Amino acid sequence: MYRTNTCGELTLKNLGQSVTLCGWLQRSRDLGGMTFIDLRDRYGVTQLVFNMDSRPDLCEQARKLGREYVLQVKGVVAERSSKNPKMPTGDIEILVDELSVLNAAKVPPFTIEDHSDGGDDLRMKYRYLDLRRNPVRRNLELRHRLAMLVRNYLSDLNFLEIETPCLIKSTPEGARDFVVPSRMNPGQFYALPQSPQQYKQLLMVGGMDRYFQLARCFRDEDLRADRQPEFTQIDCEMAFVEQEDVLQTFEGLMKHLLKEVKGVTYDAFPRITWNDAMKYYGSDKPDIRFGMRFVELDDVAKGKGFAVFDDAQLVVGICAEGCADYTRKQLDELTDFVKRPQIGAKGLVYIKCNADGTFKSSVDKFFTAEDLRAFAEKCQAKAGDLMLVLCGEAMKTRKQLSELRLEMGSRLGLRPSNVFAPLWVIDFPLLEWDEETQRYYAMHHPFTAPHPEDLPLLDQPERWGDIRANAYDIVLNGNEIGGGSIRIHNREVQNKMFHTLGFTDEQAQAQFGFLMGAFEYGAPPHAGLAFGFDRLCSILGEADSIRDFIAFPKNNAGRDMMAEAPSEISKEQLDELAIRLVPQEK
RNA sequence: GGUGCGGUAGUUCAGCUUGGUUAGAAUACAUGCCUGUCACGCAUGGGGUCGCGAGUUCGAGCCUCGUCCGCACCGCCA
């Protein structure tokens, strides 16, 4: 037996016991006559003590050991004469009488500490060392715990976890597919799933009723801090349900997770339509940890001779409480912030509500104190508040103001990572116009059912942009953590949908034929939802990047820095796959 | 495809504005001393292709251009 105990569990209760421990050498302190070693494993750290008086041989051996050596020690649990209240095992130490080095180790390239001296890329390259650190280990423990909670909760509700294939048919809609050549079918390719969408719908046709899967998904698109080329979804589908059933089921799941992991309980999650989300937050994933809702100011801003406002499609502002004392420098910073190319506003108008009841604004030339009072009333701004106003083309301006709202929320400390504000966004548009290709695309996917009230609009091409979808997103702290829809199970509606998207019957048949075919054999009404599991972990783990919640993540360019993948393959492999590489032009 | 920031001891960084003798600090590492440390302490020591290439210059870590790599963001992500 390698070990009788872990390094995290021995206390005064175990005094006098003979134990065997295994672990890594965290740190050693050689005091001359005696040497202390901190032995670390997944569960904690236990101090080993070696004394020159009692065992000079072992003591000599111990002082030669380096960091991250793998050790096995046998000894007796003893009370420390000077205790360390900072560690759970700080009252005891092990008087070692047998020491074996299970493995030596090179000096690691960074310190294996909670606050490592290693930079991000170095830690990625040596991810197996990074995993030894407490923060990373805790993140993976959280991920495991959430996965278990999800599985148990859904299983108790009769959901079956069913695996779907990873080698599937490529479809050009949506994200770019990762593609896998088929050796046995030269010149043909599988795609890796962007989601198990069609398979889970087929499971409904197959009578599975309630399905879920912690499913690995793949998208060949550029990465972000919260986006990886392969990621995990909690993928769910239910038959014989309406939107309300789906929302209730998965609101229940989210409440369960938040209660178990964060100890917080919630009433019904707020719901907001997509239209209102855009109108009041300028975003389809509003962060409602704080207010600062948009106020549309057209009626007080226009017609006063300020051409910038008069010519704008929309004038809209927010009120930042208590910010009237912002300095010139701070206001310039905010102006620069919205003028950055990524945001692209032309400028920023501010109106300070001074403590003495006067106003100071960047547009004093055009507006009287009375005019500005009207602004303040609309925004419900009090003395001491600061109004920030943008204008221009409506949707663009809303998105710009949304960025400013989030920035102000962050500056004012209104977005603490340990507060969780979930909500549903419902009634998304069904279709999205694409200027480049001059056609409509499904905002969600082509199987999303239109809102029942809007069904007639499918026959009126000029109204296609107004059709609402029977689709919903769940948003947490300004992040889309899940989304889904009622699916089309009616062949006729599906045909209309494909026509709307500009598919010919033949194209629809070629791409989705097996799903369409299945729908002719008694598809039940069904609906579903998928959560982004990595992102959910990172938010509940109170971190910004999902990379720390994935054991072996990819870097910015989609590379595995540790394994050095992707890599070239041999001529023989290429020949087998009937693939010839074209030299890349410089 | 685009924008911004960064690349200097094993590691994290300073040095660059204003080019000039031998490129520093902390930490890590090595050696020695030290019997209650726990970020142990003290002393000594080794450790550098300043990402790479070209240019400007008498002279480049520093200025210019290019290139590679990393990070964040925009586009993209049904």
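Convention: sequence-line order gives letters A, B, ...; per-chain numbering from 1. Computed from a predicted model, the values in this text were never measured in an experiment.
- OP1 or OP2 of G70(B) lies within a sub-4.0 Å distance of a side-chain N or O belonging to N555(A).
- Remark: side-chain polar atoms of R67(A) are not paired, donor with acceptor, to backbone N or O of Q26(A) under 3.5 angstrom.
- Distance noted for atom C1' between A23(B) and A14(B): 11 Å (whole Å).
- Residue L122(A) places its side chain closer to U11(B) than to any other of U11(B), A39(B), C38(B).
- A donor-acceptor contact closer than 3.5 angstrom is absent between the side chains of R55(A) and Q61(A).
- Look at N556(A) and you'll find a side-chain N or O under 4.0 angstrom from OP1 or OP2 of A72(B).
- Within the 4.0 angstrom heavy-atom criterion, no nucleotide atom of any strand lies near I343(A).
- Among the atoms of the strands shown, only primed sugar atoms or phosphate atoms (P, OP1, OP2) are found under 4.0 Å from some heavy atom of R547(A).
- At a threshold of 4.0 angstrom between heavy atoms, the contacts of S195(A) include nucleobase atoms, whether or not backbone atoms are also involved.
- Remark: R29(A) is not in phosphate contact with C34(B), judged by side-chain N or O atoms under 4.0 Å from OP1 or OP2.
- For the salt bridge (charged side-chain N to carboxylate O under 4.0 Å, His left out) with E68(A), the lone residue among R40(A), K106(A), R27(A), R133(A) that qualifies is R40(A).
- Across G41(B) and C16(B), the matching C1' atoms stand 38 Å from one another, rounded to whole Å.
- With rounding to whole Å, M562(A) atom CE is found 16 Å from G70(B) atom P.
- Taking atom P on both nucleotides, G15(B) is separated from U57(B) by 28 Å, rounded to a whole Å.
- Separation of the P atoms belonging to U8(B) and G51(B) is 6 Å when rounded to the nearest angstrom.
- In the set C76(B), C40(B), C38(B), the nucleotide with an atom closest to the side chain of S82(A) is C38(B).
- For the P atoms, the distance linking C13(B) with G6(B) amounts to 12 Å, nearest Å.
- Rounded to whole Å, atom P of U37(B) lies 19 Å from atom CG of L25(A).
- Side chain R227(A) to base C77(B): a donor-acceptor pair is found below 3.5 Å.
- Rounded to a whole angstrom, the distance from the P atom of A25(B) to that of C52(B) is 23 Å.
- Heavy atoms of G90(A) sit nowhere under 4.0 angstrom from any nucleic acid atom.
- Considering only side-chain N and O atoms, R27(A) lies nowhere under 4.0 angstrom from the phosphate OP1 or OP2 of U37(B).
- Neither OP1 nor OP2 of C73(B) sits under 4.0 Å from any side-chain N or O of R340(A).
- Nucleic acid contact class of Y441(A) (heavy atoms, under 4.0 Å, all strands): none.
- Applying the 4.0 Å criterion to OP1 and OP2 of C38(B), one finds that R40(A) has every side-chain N and O outside that range.
- Side-chain contact of D235(A) with Y211(A): a donor-acceptor pair under 3.5 Å is present, judged by distance alone.
- Each of A557(A) and H445(A) lies near RNA chain B, and the nucleotide nearest A557(A) is the one positioned closer to the 5' end.
- Comparing U37(B), C74(B), C29(B) by their nearest atom to the side chain of R224(A) picks out C74(B).
- Heavy-atom distances to RNA chain B give each of K86(A) and D434(A) a nearest nucleotide, and the one nearer the 5′ end belongs to K86(A).
- Side-chain to base pairing of D117(A) with U27(B): no donor and acceptor N or O lie closer than 3.5 Å to each other.
- The P atoms of U64(B) and U49(B) are separated by 25 Å, rounded to the nearest whole Å.
- Nucleotide C40(B) holds its C1' atom 14 Å from the CD1 atom of I37(A), rounded to whole Å.
- Taking the six-membered ring for Trp and thresholds of 30 and 60 degrees, F447(A) and F512(A) have ring planes more than 60 degrees apart, a perpendicular arrangement.
- Residue Q342(A) places its side chain closer to C74(B) than to any other of C74(B), C34(B), G10(B).
- You'll find a donor-acceptor pair under 3.5 Å spanning the side chain of D222(A) and the base of G75(B), going by distance alone.
- A side-chain N or O of T164(A) and one of Q213(A) form a donor-acceptor pair less than 3.5 Å apart.
- At a threshold of 4.0 angstrom between heavy atoms, the contacts of M124(A) with the nucleic acid are absent.
- As judged by a 4.0 angstrom heavy-atom cut-off over every strand, R67(A) is placed among residues touching the sugar-phosphate backbone only.
- Smallest separation of non-hydrogen atoms from S538(A) and S545(A): CB-O, 3.8 Å.
- Between K83(A) and G36(B) there is no side-chain N or O to OP1 or OP2 distance below 4.0 Å.
- Taking atom C1' on both A30(B) and U17(B), the two are 39 Å apart, rounded to the nearest angstrom.
- Across all strands shown, E93(A) has heavy atoms under 4.0 Å from base atoms, whether or not it also approaches the sugar-phosphate.
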